[in-house]
Enquirer: 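Mind looking over this structure? Questions follow.
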Amino acid sequence: MAARLPPARHRRVARVRGAGARRLRRCGGGAARAPSRRAALAGAFVTGPRLRYAPSPTGDPHVGNIRTALWTWLHARRHGGTFVLRLEDTDQGREIPGSLERIEASLRWLDLDWDEGPRNGGPYAPYVQSQRLALYHEATDRLLASDAAYRCFCSAADLEAMRERQRAAGEPPGYDGRCASLLPDEAAARAVTGEPHVIRFRMPRDGTTTFTDLLRGEITYENRLLDDFVIIKSDRFPTYHLAHVVDDHAMAITHVTRGEEWIPSTPRHVRLFEALGYPLPIFVHTPVILGPDGGKLSKRHGARSVLDFAAEGYLPETLFNFLAIMGWSPDGATELLTRDAIIAAFDLQDLAAHPSVFDTQKLEWMNGVYMRALPEAELASLLLDRLERDLPPEAPRPIDAALVAGLVPLVRERIKLLADIAPLVDFCFLPEPPLPDQAALLGKAYRARPAAAADALAAAVEALRPLAAAWSAPEIEAALRTLATALAEKPGDLFMLCRLAVTGKAVTPPLFETMALLDAARCLASLAAAEALARSAVATPCRGPRASPGDRTPCVCYVGWTGGDSSKGRTADSGSVSRGSNPRSPASLPNLHGVPVSSRMVKVSAQLAPTWPQSSPATLVAPCPGRTSAGRSLRD
RNA sequence: GGCGCAUUCGUCUAGUGGCCCAGGACACCGCCCUCUCAAGGCGGAGAUCGCGGGUUCGAAUCCCGCAUGCGCUACCA
């Protein structure tokens, strides 16, 4: 058993360096892999620092936690040391099944391999605290024997009452030591009868306890403020305090890395190490990661576990780099570094001691950088996987890999997350080319002249049809530029019209290249469909003013508004509303005709409240004219 | 309440007594490029180094006090 192995630091051995060390470094890690060679060899000649990541199985590790793991791993790798994974499952009640798997998955995603751990074993196995109970009991027996610890029979109710009294009296809360003076033999006898009890560590009453934190220097606590804390719970499991001290010593851990919330209990650990006759490890308390509001990072702030980031489409390389430099800097200027560069420059000693706010925008930027740096084929395969998952079911599977490959150069500088890909290029994969709604299709440029848009679209079809045999981006571009000139349209306007027609969106990858990737017939069909849509805006006549309030003959009629404000940068009459084409237009709009305008308008205005100028009641400027072309407001 | 830790542009950071009237990055703004959006290039704005004392010829850097934030104050970790 692990307890019988002598601590590694007592062995006299040669340092492992160079290629040998590097080779060893690559071993271990995944649970699926065989136990690492490094672990097998550890007993023989490894002396580098030994560090551990010791999470408790209470769910997915969050970024703060995993960043400490990352730093710990980096230090081990930088100094040719050993990285150990240990599961701290001493609180049975809080255990969440499957946590070990999630923890391992998180580490593996970041490619943080561990030399010793629960599944791959190692010279100090087992690496699960619930399997090491005998060790803690053994240590406790020693403590009991030397009177450094004692049994406490106080019930939870007793303790609560005690705390209540202390609160009321304004005293510092803490165990008052009422069982401290029980005779050990009597206490032992009571324990034998099965009387429930815990075991407490006897802290010195006066004096101070000082320890050194690698990042902050000496920290001193007054002993009288520290109470006799529990080391063995009534279920015979150890508390964190005892388990950590026993295990970190038994596993020959040289650097204890953990969150800064542990600073206040470190004097207890120090006293425990001493009482057990163990040398002190180096304590490194890492700062916390804050949310954008300066508070603790939480679900409200978006992803907080690394696995969440993976799901959102961040690259592991990005998180690795980002987490490494949040709170650590190699030189104050370099922020983009390879794994190897980070390993080469890293040292726990250089960590910041202050908390940092998680800057998602910077993370996104960095992910974009890594994404653009990825070899095309690699990005293509990542995007293909992503599309398989994210594209709506209508998109036929399997997703066209060749098409994805063709899209990569067009999209790589337009996405920051893998998850950005589907909304950007979904139109390429849908069986039916999507059409925008009429207002979007016409846009600002053609709103007032849908006929021109329809004509342009028709001309585009004709101009492109002959190219179908030699369908390429330069050809398409040349044809459309020529067309724009011929029609005396601004090229940008024409291109946007085509973009909307072909993709259904105003924001897309470059038009000509995208069209070239798509089937020519499909593009022509889209353009033709768009032409019809534009034409319908021209063709539908308005039947004029309604004869009576009850007349609900359908028509396309644009209404203009005045009297609103422009506080939101929008003049009151700039937002023409067409029935059926503007999702914000209220259902009652078709009924406007012939209805007393002023009262009706107030009602409509109220219904549009969230999106419409509200400071003053709007009024309909004029009744619907006998005939109005789309896009023209009534005041025209 | 007590104890502890932290405190440089909005954010991440460089800085360990003179090279700093504070450097880099993200974000922001402007210009260029441009078929949209990006990406890219160039430029700009942005920090009295939390505040107040002190030490020193000289302080972001050392000391003291205060303030603020966070943490701990469990038979949780």
Side-chain angles (χ1 to χ4, degrees), chain A residues 54-58 88-91 93-94 152 154-156 159-160 163 166-167 170-175 196-200 213 215-216 219-222 225-227 229-241 243-244 258-267 285 287-288 290 292 294-296 322 325-336 352-366 368-369 372 410-416 420 424 477 480-481 484 490-500 503 505-514:
Chain A
S56 54
T58 51
E88 308 225 320
D89 60 342
T90 56
D91 186 351
R94 295 208 320 161
C152 167
C154 296
S155 69
L159 297 175
E160 189 41 52
R163 271 192 283 272
Q166 289 166 336
R167 232 192 323 270
E171 297 166 16
Y175 184 64
H197 66 282
V198 300
I199 295 173
R200 288 181 184 274
D213 176 89
L215 309 181
R216 303 156 225 269
I219 299 177
T220 299
Y221 279 83
E222 285 189 55
L225 266 11
L226 273 5
D227 65 356
F229 57 98
V230 175
I231 55 175
I232 295 284
K233 300 181 267 190
S234 55
D235 63 1
R236 301 281 285 150
F237 272 71
T239 57
Y240 169 84
H241 306 304
H244 132 65
R258 64 194 358 175
E260 67 176 343
E261 68 272 19
W262 288 107
I263 291 175
S265 44
T266 302
H285 291 102
V288 297
L290 270 18
K296 240 186 150 172
F322 186 76
I325 65 162
M326 178 167 48
W328 173 78
S329 170
D331 56 14
T334 315
E335 302 201 302
L336 265 4
H354 57 263
S356 34
V357 172
F358 195 91
D359 186 350
T360 306
Q361 279 188 315
K362 188 160 184 173
L363 210 218
E364 283 189 4
W365 160 77
M366 191 178 279
V369 172
R372 273 171 256 132
L410 308 185
V411 301
R412 69 182 317 164
E413 23 202 65
R414 270 162 257 264
I415 54 178
K416 290 189 158 155
D420 291 340
L424 220 212
E477 175 166 9
L480 289 179
R481 282 195 188 280
K490 282 198 257 181
D493 290 347
L494 207 222
F495 297 161
M496 181 51 85
L497 193 59
C498 293
R499 177 190 316 282
L500 256 352
T503 71
K505 302 172 195 295
V507 174
T508 70
L511 215 217
F512 315 118
E513 286 81 352
T514 306

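Residue numbering restarts at 1 for every chain, and letters A, B, ... go by the order of the sequence lines.
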Enquirer: Using the P atom as the reference point in each nucleotide, state the distance between B:rG23 and B:rA60 in Å, no decimals.
Expert: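 Looking at atom P only, B:rG23 and B:rA60 are 14 Å apart.
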Enquirer: In Watson-Crick or G-U wobble terms, both distances under 3.5 Å, what is the partner of B:rG69?
Expert: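 Answer to the pairing question: B:rC5, which forms a Watson-Crick or G-U pair with B:rG69.
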Enquirer: Would you mind pulling out the nucleotide paired to B:rC35, Watson-Crick or G-U wobble, both distances under 3.5 Å?
Expert: none
Enquirer: Picking from B:rG24, B:rA6, B:rC5, which would you name as closest to the side chain of A:I263?
Expert: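 Closest nucleotide to the A:I263 side chain: B:rC5.
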Enquirer: Nucleotide by nucleotide, 5' to 3', does protein get under 4.0 Å of the base (B), only the sugar-phosphate (S), or neither (-) in nucleotides 28-46 of chain B, counting heavy atoms?
Expert: -------BBBBSS------
Enquirer: Mind checking who B:rA14 pairs with, Watson-Crick or G-U wobble, both distances under 3.5 Å?
Expert: none
Enquirer: Using the C1' atoms only, state how far B:rC64 lies from B:rG46, rounded to an integer number of Å.
Expert: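 32 Å, rounded to whole Å.
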Enquirer: Taking atom types as they are modelled, is there a donor-acceptor pair under 3.5 Å from the base of B:rA27 to the side chain of A:K362?
Expert: no
Enquirer: Determine the interatomic distance between C1' on B:rG71 and the same-named atom on B:rG53; round to the nearest Å.
Expert: 29 Å
Enquirer: Please give the distance between the P atoms of B:rU36 and B:rC19 as a whole number of Å.
Expert: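 Their P atoms lie roughly 48 Å apart.
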Enquirer: Would you indicate what A:I219 reaches in the nucleic acid, counting non-hydrogen atoms under 4.0 angstrom: base, sugar-phosphate, or nothing?
Expert: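 It contacts sugar-phosphate atoms only.
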Enquirer: Pair A:E160, A:R167 - check salt bridge (charged side-chain N to carboxylate O under 4.0 Å, His left out), show working.
Expert: CA-CA 10 Å; A:E160 189 41 52; A:R167 232 192 323 270; 3.6 Å; yes
Enquirer: If we take the P atom in both B:rG41 and B:rC33, what is their distance in whole Å?
Expert: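 About 16 Å, rounded to a whole number of Å.
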Enquirer: Rounding to an integer number of angstrom, what distance separates B:rC75 and B:rC70 when you compare their P atoms?
Expert: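 Between the two P atoms, the distance is 25 Å.
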Enquirer: May I ask which nucleotide in the shown strands pairs with B:rC28, Watson-Crick or G-U wobble, both distances under 3.5 Å?
Expert: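 B:rC28 is paired with B:rG44.
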Enquirer: So if I take every side-chain heavy atom of A:E335 and compare against B:rA6, B:rA25, B:rU13, which nucleotide ends up nearest?
Expert: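 Minimum distance to the A:E335 side chain belongs to B:rA25.
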Enquirer: Determine the interatomic distance between P on B:rG52 and the same-named atom on B:rA59; round to the nearest Å.
Expert: 14 Å
Enquirer: Using atom P in both nucleotides, what's the gap between B:rG1 and B:rC66 to the nearest angstrom?
Expert: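 The same atom, P, in both gives a distance of 14 Å.
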Enquirer: Output one letter per nucleotide in nucleotides 71-77 of chain B: B when a protein non-hydrogen atom lies under 4.0 Å from the base, S when only the sugar-phosphate is that close, - when neither is.
Expert: SSSSBBB
Enquirer: Counting Watson-Crick and G-U wobble pairs only, both distances under 3.5 Å, name the nucleotide matched with B:rU56, or none.
Expert: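 The answer is none; no pair meets the criterion.
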